[in-house]
Amino acid sequence: MKKLLFTTAVSAAMAAAVTTTPTLADGHLQIVKGDPLELTIQMNHARYPVYKEDWPVEQKARELTNVHLKDVTVGANMRTDSENTGKTEALNLMLASGTIPDIVGSSRIKDFVNQFGPEGAFLPLNDLIDEHAPNLKKFFAERPEIAAAISAADGNMYYIPYLPDGKYGRAYWIRTDWLKKLGLEVPETVEDYEKVLRAFKTQDPNGNGVADEVPYFARQWPELIRLVTLWDGRSSGSDTYHDFMVVDGKIEHPYAGEGYREGIKNLARWQAEGLVDAEIFTRGSSARDFLLSENLGGSTHDWFASTSGYNRLASEIDGFEFKAMAPPASISGKRIEEHRRIPIKPDGWAIGGTNKHPVETIKYFDFFFTEEGRRLANFGVEGMHYDMIDGKAIFKQEFLDAGPVNRSLYQVGSQLQGRGYFQDYGYEIQWSNEFALEGIELYDQGDYLIDQFLGVAFNADEQKVYDRHWGSIRDHMLERQQSWILGNGDVEADWDDYMAQLDKLGLSKVLEVMNSAYKRQYNK
Ligand code: CA
């Protein structure tokens, strides 16, 4: 035992000696010797529509790997503000151009490569990873559910995903200073929550003598639908709105369940009583900023880091305090937080089917799963954007002070979701304020998160069924949902007709192909 400890200590000392050697002279991450290898890349993301060769992160990656990425992005100038399109048009344009670059990185690349990869447009990665990418291989061996989730219907992986780190995304937030002012406790149950929202509406907590408070508001209107969880319904099975969900090993849709019906009935009542923003469906992304700054908004369901930042308003609004609260218990006593960071995104990068250097390219992908590469992808360049302190990457103060940290990182080529990499939550914790950290601790203690549906890859026949029916089913679901909330129709009276209509539109067929794909992918 003693000998083992001694050996370990020596190895650790040797490892430490190696890491203190300047990386430049070391060269252990070099993928090719001699002349640098140039690989072309298409990179599309709403925030960085091309791959910039002068990004410090690209420059550092060149130095470490001797592989140079050359930007050949097609369709970079296309911008779109609609919710679901991402940059798929740019990918289609690239495909139509007849040339697929060596590397293709994009948001929403998963369905695209899973469709066109098996036809030859992208290389299958499984054997390449197995033989040439020890770090990727290790990652997928430790996380087989992720390997299953990204695999296409033919069983191959065609892209390396962006893998978010950290569990928590959204939380319930409430004006705790208003609670104190009105002599109320933080709500523990859905009944309490309703009472509090009603008190916000009727007891003038902002003190201007007008019933102008907006008790529940949201930047994204589906965050109102999220509240059906308080009546044991569900609004989505993943971090994507309106998604399918897994119930006892089977795929179902949340908008066809009884808890959902009960939730919608009650939310329609809340809406009619003014407990919910009258403009919930139209106010849009400025809702949080406007309603908090104007001292009008009472409660919402939104992201930890960005929402906690509004406590800065305390300098303008006397006593302002907006804190995370635990999810109120549902009518059956369940406390769940339906939203969480998904462990895997449909974003990332793939190898073009005509790439002449697949081995070097998979080694390059593997580089970003080494310790040095992962740090580069997360924190930028050592000495420029961060320093190593006690074995941790710590951002330089001037980098933190330079504006929104996410934006600063994109601008140097870090935290790119069009790159396959494993995020390190340590990057975010450094600029989360005390309110966010306190809230995360609260959610951690309570263990409110639930498992997520990680998606399926259809074969060609399944895809046809899905494409034929799903659009109109979804449209009908959302149209009815909004009508019921706004008081056009009564969800209980309409329910049987609604379910019959969903069936007529093909819901059972869609569920059938979802389930066959799900079974193939996860029950191997
Ligand atoms: Ca008022």
Side-chain angles (χ1 to χ4, degrees), residues 170-231 263-304 306-329 433-436 438-439 442 482 484-487:
R170 293 174 183 266
Y172 289 85
W173 294 84
I174 197 152
R175 280 289 296 270
T176 39
D177 59 322
W178 284 8
L179 290 176
K180 280 175 213 141
K181 205 165 176 181
L182 301 179
L184 297 165
E185 300 289 323
V186 174
E188 296 288 336
T189 65
V190 56
E191 292 84 4
D192 293 346
Y193 194 34
E194 180 173 329
K195 276 183 203 144
V196 160
L197 295 176
R198 189 169 291 114
F200 283 177
K201 185 70 197 170
T202 58
Q203 296 178 30
D204 193 26
N206 68 5
N208 65 352
V210 187
D212 54 353
E213 286 80 359
V214 178
Y216 184 86
F217 64 93
R219 289 187 295 157
Q220 291 87 9
W221 62 261
E223 294 302 331
L224 171 64
I225 310 305
R226 181 91 69 197
L227 300 184
V228 300
T229 54
L230 302 176
W231 288 273
I264 292 292
K265 182 182 85 180
N266 282 282
L267 291 175
R269 186 172 57 75
W270 283 19
Q271 186 81 38
E273 291 183 31
L275 309 188
V276 170
D277 185 3
E279 295 174 46
I280 191 96
F281 289 106
T282 51
R283 201 185 292 273
S285 59
S286 64
R288 181 180 63 174
D289 201 53
F290 174 76
L291 293 170
L292 291 179
S293 303
E294 296 294 315
N295 200 13
L296 296 170
S299 183
T300 192
H301 188 256
D302 210 322
W303 287 83
F304 273 108
S306 62
T307 311
S308 65
Y310 281 89
N311 285 288
R312 64 179 176 265
L313 288 170
S315 63
E316 297 157 37
I317 300 168
D318 194 31
F320 183 99
E321 192 181 70
F322 202 48
K323 285 181 128 178
M325 65 175 194
N433 74 16
E434 64 197 284
F435 293 95
E438 185 189 319
L442 177 73
Q482 184 167 340
W484 287 324
I485 297 277
L486 296 176

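Ligands are counted one by one from 1 in listed order, and the atoms in each one are counted from 1 as well. Just so we're clear, the structure is a prediction, and the values are computed from it rather than from any experiment.
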To the nearest 10°, how many degrees is the angle [X] [atom1] to the Ca ion (ligand 1) to [Y] [atom2]?
| atom1 | X | atom2 | Y | answer |
| --- | --- | --- | --- | --- |
| OE1 | Glu213 | OD1 | Asp204 | 110° |
| OD1 | Asn208 | OD1 | Asp212 | 90° |
| OD1 | Asn206 | O | Val210 | 160° |

Electrostatic pair Arg219:Glu223 at N-O distance under 4.0 angstrom: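 The answer is no: the pair does not qualify as a salt bridge.
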
Margin query: Any salt bridge linking Glu194 with Arg269? Criterion: basic side-chain nitrogen under 4.0 Å from a carboxylate oxygen.
Written below: yes

Measuring centre to centre across the rings, with the benzene-like ring taken for any Trp, is Tyr216 within less than 6.0 Å of Trp270?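 Distance test on ring centres: not under 6.0 Å, no.
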
Mark yes or no: Arg288 above the aromatic ring of Phe290, with NZ or CZ under 6.0 Å from the six-membered ring centre and no more than 45 degrees from the axis.
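Negative - Arg288 is either too far from the ring of Phe290 or too far off its axis.
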
* Can you tell me if an N/O/S atom from Gly207 lies under 3.0 Å from the Ca ion (ligand 1)? ->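 Checking the Ca ion (ligand 1) against Gly207, no N, O or S atom falls under 3.0 Å.
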
